[in-house]
There are 2 protein chains.
Amino acid sequence: MPSPARTQPHPLIRPSARSTGPSGARSAELAALDRIGVVITLRRDEAIFFQGDTAEFYFKVVTGAVRSCTLLADGRRHIGDFLLRGDFFGLNAGETYPFTAEAITEVTLVRYARRSVDRLMGQQPQLGRSLLAILCHDLLAAQQQMLLLGRKTAVERVASFLLQMAERGGTQARLSLPMTRTDIGDHLGLTTETVSRTFGQLKSAGVIALEGLHEVLLMDRDALGELAEAA
Amino acid sequence: MPSPARTQPHPLIRPSARSTGPSGARSAELAALDRIGVVITLRRDEAIFFQGDTAEFYFKVVTGAVRSCTLLADGRRHIGDFLLRGDFFGLNAGETYPFTAEAITEVTLVRYARRSVDRLMGQQPQLGRSLLAILCHDLLAAQQQMLLLGRKTAVERVASFLLQMAERGGTQARLSLPMTRTDIGDHLGLTTETVSRTFGQLKSAGVIALEGLHEVLLMDRDALGELAEAA
DNA sequence: CGTTATTTTGATATACTTCAATAGGGGTGG
DNA sequence: CCACCCCTATTGAAGTATATCAAAATAACG
């Protein structure tokens with residue numbers, strides 16, 4: 001079911017194709033994908049797709065950050081993952097997307113038509129392997145997140161999250177958190193307040209330092225690792 | 001802080017191959033797998049593999065039930081999933097298994113060598129698609145579990161779990177739970193006591209009935225659906 | 001059948017949430 | 001450039017769902 005316009009913080013504008021062209025891919029096998037990709041851009045808080053939309057496309061993040069959300073009937077929200085530069089998302093066995101994807105910042109994506117990917121996979125078996133590898137990786141990440149949500153304390157969750165973001169981000173000592181504290185809470189199964197207090201604790205302990213609201217310096221990575229109960 | 005797993009029999013015995021032979025597969029594409037599979041059986045609480053073992057094999061459950069567990073340093077345990085008849089597990093991008101797999105009951109599995117599967121995939125592109133579909137399905141299940149662990153109450157967790165097991169189990173009104181209450185707790189991010197109390201609540205409410213410890217009758221499936229906050 | 005593991009039930013403790021109020025920050029219009 | 005406003009974050013006080021601790025009841029098992 002294609003989603004009708006819904007009230008969103010920003011007037012809801014559907015992504016529109018802007019130009020076609022190659023962009024960097026993570027591996028040789030995936031480079032073939034670029035030939036069938038279309039670059040799109042979205043503004044902050046725009047939806048890329050809604051839960052329940054027909055799953056026609058597969059996406060890769062070029063710049064910016066995306067969140068994947070699901071909602072319960074009474075409004076409780078969960079953010080399954082944050083998608084950063086180089087991450088793929090939207091690949092799905094079912095007819096429809098099982099979650100909503102929204103731009104956290106202004107974002108540039110490459111969009112691949114599902115049928116084109118299917119066709120290409122027939123011609124290039126290596127592509128199938130690459131997608132298999134990506135899915136295995138995502139599944140592993142999901143398993144770690146389940147451990148976090150099921151069995152870790154607030155401090156352990158936040159510490160794990162920061163380390164994970166640091167690993168994904170590139171530089172090791174400084175990392176940027178484009179999302180809000182509420183987003184982080186909804187990803188870690190905590191409230192905004194608890195996230196804020198936990199950042200405060202880590203700051204007081206000298207483990208991290210904040211530079212503005214969205215930049216974190218890892219002052220003591222080992223200590224952070226221990227707090228995360230490294231798993 | 002969530003409690004460490006309590007006394008659990010630790011699996012000490014390595015699985016051993018017993019006999020060779022084909023077994024039923026879920027789809028035509030996967031039938032090809034059976035030709036390269038080896039049937040193995042394990043006793044209750046035996047480990048199929050340990051976290052960190054070299055990931056040489058891929059498995060399918062023929063009879064019985066398996067749990068996939070990860071442990072934190074202090075003993076807190078999380079069960080990522082229960083694997084039932086027809087479920088595949090152990091497929092993995094990495095060199096090693098990221099979790100331990102243990103037999104909950106006496107269990108019969110088919111074991112596929114990873115390299116054989118790889119080779120077969122080269123010859124039968126459809127196999128790759130089937131594995132892709134299985135992984136997508138697993139990923140979806142993981143996303144739902146993250147929502148459960150991150151945002152649902154104890155009653156919602158247990159209700160969701162029962163419905164999920166009912167769907168997987170076959171018959172709709174009666175379902176069997178071969179695992180212990182502790183296993184269920186470690187899967188749902190709860191303690192044994194909370195699981196037990198929640199079962200009690202559902203029983204008092206007339207939503208379920210217990211027949212022995214491991215058989216559940218769904219007396220009011222709609223009510224259970226509402227309690228699960230159907231998501 | 002006795003023995004041990006598992007489950008249930010009860011009483012208490014606590015980590016996190018909820019509710020409430022203040023403070024900061026970034027953009028916009030004057 | 002500054003002043004205002006709104007949104008986000010922080011901080012505080014009180015409440016609650018679930019964990020923990022403890023013990024009895026039930027089931028499993030040799």
Side-chain angles (χ1 to χ4, degrees), chain A residues 8-10 43-45 67 72 74-78 104-106 148-159 177-186 188-204 208-216 227 229, chain B residues 1-10 43-45 72 74-78 104-106 148-159 176-204 208-216 227 229:
Chain A
Q8 274 285 312
H10 284 270
R43 292 201 304 277
R44 195 155 105 63
D45 287 324
R67 63 177 169 250
L72 290 176
D74 63 359
R76 278 172 287 172
R77 186 178 72 151
H78 181 250
I104 290 175
T105 60
E106 179 168 296
L148 180 151
L149 293 169
R151 286 292 176 235
K152 289 192 180 182
T153 65
V155 175
E156 288 164 356
R157 290 178 201 205
V158 171
L177 301 176
M179 68 293 293
T180 65
R181 299 286 188 267
T182 303
D183 285 343
I184 296 173
D186 285 346
L188 300 180
L190 301 169
T191 59
T192 311
E193 293 94 328
T194 300
V195 171
S196 182
R197 278 185 250 267
T198 306
F199 271 78
Q201 280 179 245
L202 294 176
K203 211 172 65 174
S204 306
I208 64 169
L210 296 178
E211 203 156 278
L213 283 171
H214 298 286
E215 298 288 324
V216 179
L227 289 173
E229 272 270 352
Chain B
M1 176 153 77
S3 65
R6 292 180 218 173
T7 51
Q8 269 286 318
H10 278 289
R43 293 200 305 276
R44 194 154 105 64
D45 289 322
L72 290 176
D74 63 357
R76 280 172 283 171
R77 186 180 72 152
H78 180 249
I104 290 175
T105 59
E106 177 167 298
L148 180 151
L149 293 169
R151 286 292 176 234
K152 290 192 180 182
T153 65
V155 175
E156 288 165 355
R157 290 178 201 205
V158 171
S176 90
L177 301 177
M179 68 293 293
T180 67
R181 299 287 188 266
T182 302
D183 285 343
I184 296 173
D186 285 346
H187 180 53
L188 300 180
L190 301 169
T191 59
T192 310
E193 294 93 329
T194 300
V195 171
S196 180
R197 279 186 250 267
T198 306
F199 271 78
Q201 281 179 246
L202 294 176
K203 210 171 66 172
S204 305
I208 64 169
L210 296 178
E211 204 157 278
L213 283 171
H214 298 285
E215 297 287 323
V216 179
L227 289 173
E229 271 271 350

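Convention: sequence-line order gives letters A, B, ...; per-chain numbering from 1.
Side-chain contact check for A/L188 versus A/K152: every heavy-atom pair is 4.5 Å or farther apart. Put simply, the side chain of A/M179 reaches to within 4.5 Å of the side chain of A/I184, judged on heavy atoms. In this structure the side chain of B/T153 never reaches within 4.5 angstrom of the side chain of B/E229, judged on heavy atoms.
Across the protein-nucleic acid pair, B/D183 atom CG and C/dT7 atom P stand 8 Å apart, rounded to whole Å. Between A/Q201 atom CD and D/dT10 atom P the separation is 13 Å, expressed in whole Å. Between the CG atom of B/D45 and the P atom of D/dA28 there is a distance of 15 Å, given to the nearest Å. Summarising the geometry, the separation between CZ on B/R43 and C1' on D/dC29 is reported as 15 Å, rounded to the nearest angstrom. Spacing between atom CZ of B/R76 and atom P of C/dA15 amounts to 12 Å, rounded to whole angstrom units. Taking atom CZ on B/R157 and atom C1' on D/dA19, their separation rounds to 12 Å, with Å as the unit. Counting to the nearest Å, the P atom of D/dA9 and the NE2 atom of A/H214 are 6 Å from each other. One atom, CD of B/E193, and another, P of C/dT12, lie 16 Å apart when rounded to the nearest Å.
Residue side chain B/R197 reaches the base of D/dT20 through a donor-acceptor N/O pair under 3.5 Å, judged by distance alone.
Taking each heavy atom of A/R44 and A/I104 in turn, the nearest pair found is CG-O, 3.2 Å.
Contacts of A/G185 with the nucleic acid, taken as non-hydrogen atoms under 4.0 Å apart, are absent.
Phosphate proximity of C/dC16 to A/T194: absent, as no side-chain N or O sits under 4.0 Å from OP1 or OP2. The phosphate of D/dA19 has OP1 or OP2 within less than 4.0 Å of a side-chain N or O from B/T191. Contact between the side-chain N/O atoms of A/R151 and the OP1/OP2 oxygens of D/dT18 is not found at any separation under 4.0 Å.
Taking the side chain of A/R181 as heavy atoms from C-beta on, and the options D/dC29, D/dA9, C/dT6, the nearest nucleotide is D/dA9. For A/L190, the listed nucleotide lying nearest its side chain is C/dT17; candidates were C/dT17, C/dT8, D/dA9.
Position along DNA chain C of the nearest nucleotide to B/L210 versus A/G189 favours B/L210 as the more 5'-ward residue. Between A/L213 and B/F199, the residue whose closest nucleotide on DNA chain C is further toward the 5' end is B/F199.
Atom CG in B/L149 sits 8.5 Å away from atom NE2 in A/H78 (nearest 0.5 Å).
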